[in-house]
2 protein chains.
Amino acid sequence: MSYQIELRHFTYFMAVAEELHFRKAADRLFISQPGLSRQIKQMEEIIGVALFVRNKRKVTLTAAGVYLKKELDYIFNHIDFTIRQTRLIDQGSNGEIRIGFLGSAMQTVIPELLVMVNKELPDIQFSLEEMSNHLQVEAVEKDQLDLGFVRLARVPEGIQKKTVHTDSFSLVVPLEHQLTSKTFKSIAQVSDEHFILFSSDYSSLYYDKIMSICEDKGFTPKVTHKSVHAQTIFKLVESGLGVAIVPTSLQRGFDLGVKFLEIPKIPQKAILSVIWKKDNRNPALQQILKFL
Amino acid sequence: MSYQIELRHFTYFMAVAEELHFRKAADRLFISQPGLSRQIKQMEEIIGVALFVRNKRKVTLTAAGVYLKKELDYIFNHIDFTIRQTRLIDQGSNGEIRIGFLGSAMQTVIPELLVMVNKELPDIQFSLEEMSNHLQVEAVEKDQLDLGFVRLARVPEGIQKKTVHTDSFSLVVPLEHQLTSKTFKSIAQVSDEHFILFSSDYSSLYYDKIMSICEDKGFTPKVTHKSVHAQTIFKLVESGLGVAIVPTSLQRGFDLGVKFLEIPKIPQKAILSVIWKKDNRNPALQQILKFL
DNA sequence: TTAATTAATAACTATGAGTTATCAAATAGA
DNA sequence: TCTATTTGATAACTCATAGTTATTAATTAA
């Protein structure tokens, strides 16, 4: 019989698929270029499919190679997770849940969830990472995350979504700003001010909603700064660089020189959803989902 | 640095986990028992977890081992599937076929083709776009399309052409028109009416054929309207703006207030051809061509 | 034309998977 | 108790092959 495929082949394939350059990939793997070339060639022979096109001076993936790369990405993540999980079970834990979240989820849902789960399932461990909407969806698909806390209208096929929190929007102004909760009637009162918002690529749904809040009141906001961190936005507001519109729940958890003025009578809500992969195999996830 | 885990370890682990007996597992794997023992030991060292309990004279799985066995079962299946799928993609069983077509092809050949291919090669995806003859030829040459459904007498060098459907022409008149299938004997009976035709730059072959049909009967049609959409043409006929001559198969698929009267005893036929580029590298195309 | 860059080929070296031979521990049967 | 038997682990080996260095062939850039 012929050779057997090994994880080594997959590792090498991924390096070449990412670098699209045999020597650079070999450097990254700390092996020689001919050794790498031979292993890739062997892999192509075992599978019986050309994975790369070595065209003149550049290397590209074939259609089959593109597919294989995507799947191996998932497979490697799943193997890593499985081994970590095996270690945790050995140590008597019930497993690990990997959670991604937007900064604004850390003020409301996540702490409650953690407290509740920790009480009911004390041997489940958590790993938490702040990530953008987009990266969370990718990570959930790749099996790098079990749960994501996102603000998204739609999610791809194969991903489940459930609303966990609905929040109003608040205007954020410096403490010394003339507006107060009594005099603040409409967002149109600050139509001439500069706006500081979360980046649209951090959360495009949030960004679109802010735009529609302003459009409804008949103006287009002058967006002068964007950030991915609430802390940064508050600091910029405090420094007088402009005003911001954020989910009201962000008022908690930060101690800054800004005022929150809840925007009255608008239909837009900041909706926080939790997402997970339909065919996620982490048994701890099934337990956690019962609490949501 | 320490050893790296390989699929070999997983394979051996699965054999021992199933046999719960090192010698039997070694026999099944066609290796010696000490070799197997050493690989399992190494695997346990890499992961850092005891997977088996060698108790007196019998071998059992630890809790961690039970979990790992279940997951590896899944992982092996997923790897197998991925490699099979990679091979299929290489052979074109999976992938995308980009098809261009004239509106009149959507009533006959394309639906049949799609149903047939979908049955035999369920993993091939289609992208469909309605385009003129001319644009289809261009797109096929540029490798923007894999297949084109056209009505053309000649195609440029490098393009392959094959007839897939031959159709008669029909006269299209309003429902309340005096002519019926019984009284309609010759196109000359409507020589004084206004004609609504497909634009010559949408399909010049069609246009030329209509002209020759009329010429053969000794008159030149008064063309008052042109359109690229059958739907539009039928609406204009329904509204009493004139009569039309179209391929008979267009009778299907539209629900409009017009009558189709097949034109008797004429040599002209509406010929639908499929075109593709000789050196198209889409592997899925080769598969599809077998059905044509 | 020459120089530089790339992957493939050829011939080698040495790591470690798999071998045989053996041991130690445990059981079962007298 | 004393064997005989079954088990996995250990020790010392050998050999298949992953990875090495040196080189070539092909292409591009200067």
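The figures here come from the full heavy-atom set of this structure, side chains too, leaving out hydrogens, waters and symmetry mates. The sequence lines fix the lettering, A, B, ..., with proteins before strands; numbering per chain opens at 1. These numbers come from a predicted model, not from an experiment.
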Tell me: [atom1] of [X] to [atom2] of [N], nearest whole Å?
X: Leu20(B); N: dT7(D); atom1: CG; atom2: C1'; result: 14 Å
X: Ile31(A); N: dA7(C); atom1: CD1; atom2: P; result: 13 Å
X: Gln4(A); N: dT17(D); atom1: CD; atom2: P; result: 12 Å
X: Phe22(B); N: dT19(C); atom1: CZ; atom2: C1'; result: 18 Å
X: Glu6(B); N: dT15(C); atom1: CD; atom2: P; result: 18 Å
X: Ile40(B); N: dT7(D); atom1: CD1; atom2: P; result: 17 Å
X: Arg54(B); N: dC23(C); atom1: CZ; atom2: P; result: 22 Å

Just jot down the salt bridge (charged side-chain N to carboxylate O under 4.0 Å, His left out) partners of Glu138(A), sequence neighbours excluded, or say none.
none
Using the rule side-chain hydrogen bond (donor to acceptor under 3.5 Å, both in side chains), only one of Lys24(B), Lys69(B), Arg28(B) pairs with Glu18(B); which is it?
Arg28(B)
Hey, is NZ on Lys278(A) packed in by over 12 heavy atoms from elsewhere, all under 6.0 Å?
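Buried by this count: over 12 neighbours within 6.0 Å.
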Aromatic rings Tyr202(A) and Phe198(A): how do their planes relate, parallel, tilted or perpendicular, breaks at 30° and 60°?
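Taking Phe198(A) first and then Tyr202(A), their aromatic rings lie parallel (interplane angle under 30°).
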Classify the angle between the aromatic ring planes of Phe81(B) and His78(B) as parallel (below 30°), tilted (30 to 60°) or perpendicular (above 60°).
tilted
Going by an N to O cut-off under 4.0 Å, is there a salt bridge joining Asp80(B) and Arg84(B)?
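So Asp80(B) does not pair with Arg84(B) through a salt bridge.
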Where the side chain of Ser32(A) is defined as all heavy atoms beyond and including C-beta, which of dA9(D), dA7(C), dG19(D) is the nearest nucleotide?
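That would be dG19(D).
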Touch class at under 4.0 angstrom, heavy-atom based, for Gln42(B) against every strand present
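Gln42(B): backbone/sugar contact only, no base atoms under 4.0 Å.
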If you find the nucleotide of DNA chain D closest to Arg23(B) and the one closest to Tyr12(A), which residue's nucleotide is nearer the 5' end?
Arg23(B)
Please tabulate the protein-to-nucleotide N/O contacts below 3.5 Å involving nucleotides 10-14 of chain D, giving atom names and distances.
from    : atom 1 : to       : atom 2 : distance (Å)
dT10(D) : OP2    : Lys41(B) : NZ     : 3.4

